[in-house]
Amino acid sequence: MLAARASAARSASRLARNFATVVETAGVKVAAADSGEATSAVTFVVKAGSRFEPKAGVAHALKNYAFKSTSKRSTLATIREAELLGGVLSSSLSREHLAVTAEFLRGDESFFVDALSSFFTSAKFTRHELIEYVAPVCEAETTAAHANPATRAIDLAHTLAFRAGLGSSIFTSPGQHVSAEDVEAYASTVFGKGNLAVLGTGIDSATLQGLLEKSLGSLPAAAAPSTAPSRYFGGETRIEAHGAPETVFIGFGQVGASAPELAVLAAYLDPTPSIKWSQGLSPIASQVPVGASVKAVLLPYSDATLFGLLVQGPSTEAVKAAGKAAVSALKEAGAAKGEDLQRAIAKAKFAASSSVDGREGLISLLGSKALAGSEASLDSALSALDKVDSSAFSKATSELLKGKPTFVAVGNKSLPYQDELGL
Amino acid sequence: MTILGPLGPSLAPAVRANKNLYRWVKPFADWYANLAGWRKVGLKYDDLRANSNSALQAIGRLTPREYYDRAFRYKRASHLSVLHTTLPKDQWTKPEEDKRYLAPHVRNVEAEDQERFKWDHMEVHRN
């Protein structure tokens, strides 16, 4: 009785969080759901990440060109009008997608949808804005990202793991000259109706479609950019850094759509406890020295996945001990069964569901699905996780570990090498 | 806003609009431009404008090549001034080279300043 009620409540809330349908409006895929939020948010997702850029740093510059002058309104007008209405405009970049978002009070959708659309239809990409606003921001973001050893390690790991394509960094490389013409040329190839999906939350689907029909009429019908399918390579690199935690990334990659078993593996190994200041049940948790940390990182892309363990600590000894524990746990992970596996599945399902509760998670999970035109919902991901059993799990784990590892060390010279951790 | 100087109020658009008037005025304009002498030291008309704030910002928007050429023209002209001479005639700025390379940028900067002024001083009415 109690169980039945609990599951009914769960499925009801799940329904409310899902974008039930993806509709084509003006040639663009639109998915919207209104579950009674106090504010609305509209996100334009395009396949315009660093994977598709013709030259390093172009995608990053394009991201920062968002909300600059268009033939409809100037940079200043966009800023002032958004402030008068009390909304927030933001853009974010991943290796595959560029997401441009507006969050605003209900009722202001006509201005904000137009502000977003005009970036895609009539951005000016002026040279002086590149020099005066865009390039300094790109540089600052790159500096900040490189100051964080974890970001740096994962960025390098992508380059080692996938080389071209997914391997190209989402940050501008210092010294690489990107011109306004480069950005404009890239924008003209990726800004097209066939490459754009619009996600709305807290906004009625019909309202959003009406506004898009008005504002996106002049968008050319370009299709998604094509790339060579990803290949996994792997390798080892080390970078000296000081003043930040010693960091080691131990990763494995796989091509093809991301398997649900990998999400379970990440949940199984991740030693982050469910209650703060306690020790979790993860096989790594008990062996991590005080002060050091291990995090499971799972980065799924459309045709490849990078799975890894990020080991950080105050000293190289601590990182070495934690790294050894992490590697041995990773090697024995395939044997997990019974209650251990069920626990990991439950954790993975919770992680997948709770990430969708936030707007960012929702966009990163469902944006790519909406772009592909498939059903933008969480249900398929959850039911795939439910189906994971011990044989499939051990098979997926052993297959993952067969590949060449991707090993990155960022920090002191005395950080361990790959073979010293037992890889 | 500039009152005097290359971006001040000008009758030129009105003259250009009237074909007959343009045909009459053009020879005098050319004569005056040559007489004023900036072409004889290799400068362009836009090199003469005073460095107001908006002009300085506009200079920052020139392409690296335009910026370098401008600096070169200044250097050559000030050297000629020291020598109390002009360039040999074949090196004078040709009328077709005497383009307004800076004016569009200055106009953009001034339009932006005006827009900022408008936004800073507007009164908001909400329905």
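Below, chain A is the first sequence line, B the second, and so on; all start at residue 1.
- Formation of a donor-acceptor pair under 3.5 Å by the B/R61 side chain with backbone atoms of A/I131 is not found in this model.
- Counting heavy atoms of neighbouring residues, nucleotides and ligands inside a 6.0 Å radius, atom CD of B/E97 exceeds 12 of them.
- Atom CD of B/E123 is surrounded by 12 or fewer heavy atoms from other residues, nucleotides or ligands within 6.0 Å.
- Counting heavy-atom neighbours within 6.0 Å of A/E213 CD, excluding the residue itself, gives a total above 12.
- Put simply, the side chain of A/R80 reaches to within 4.5 Å of the side chain of B/D120, judged on heavy atoms.
- Taken from CG in A/L76 to CZ in B/R116, the straight-line distance is 4.5 Å, to the nearest 0.5 Å.
- In this model, no donor atom of one side chain and acceptor atom of the other lie less than 3.5 Å apart for B/E112 and A/S74.
- For the atom pair CZ of A/R127 and CG of B/L62, the computed distance is 7.5 Å after rounding to the nearest 0.5 Å.
- B/L83 CG: more than 12 foreign heavy atoms inside a 6.0 Å radius.
- Here the CG-CE distance, from A/L84 to B/M122, works out to 6.0 Å after rounding to the nearest 0.5 Å.
- Within 6.0 Å of atom OH in B/Y74, more than 12 heavy atoms from other residues, nucleotides or ligands are found, so the atom counts as buried in its surroundings.
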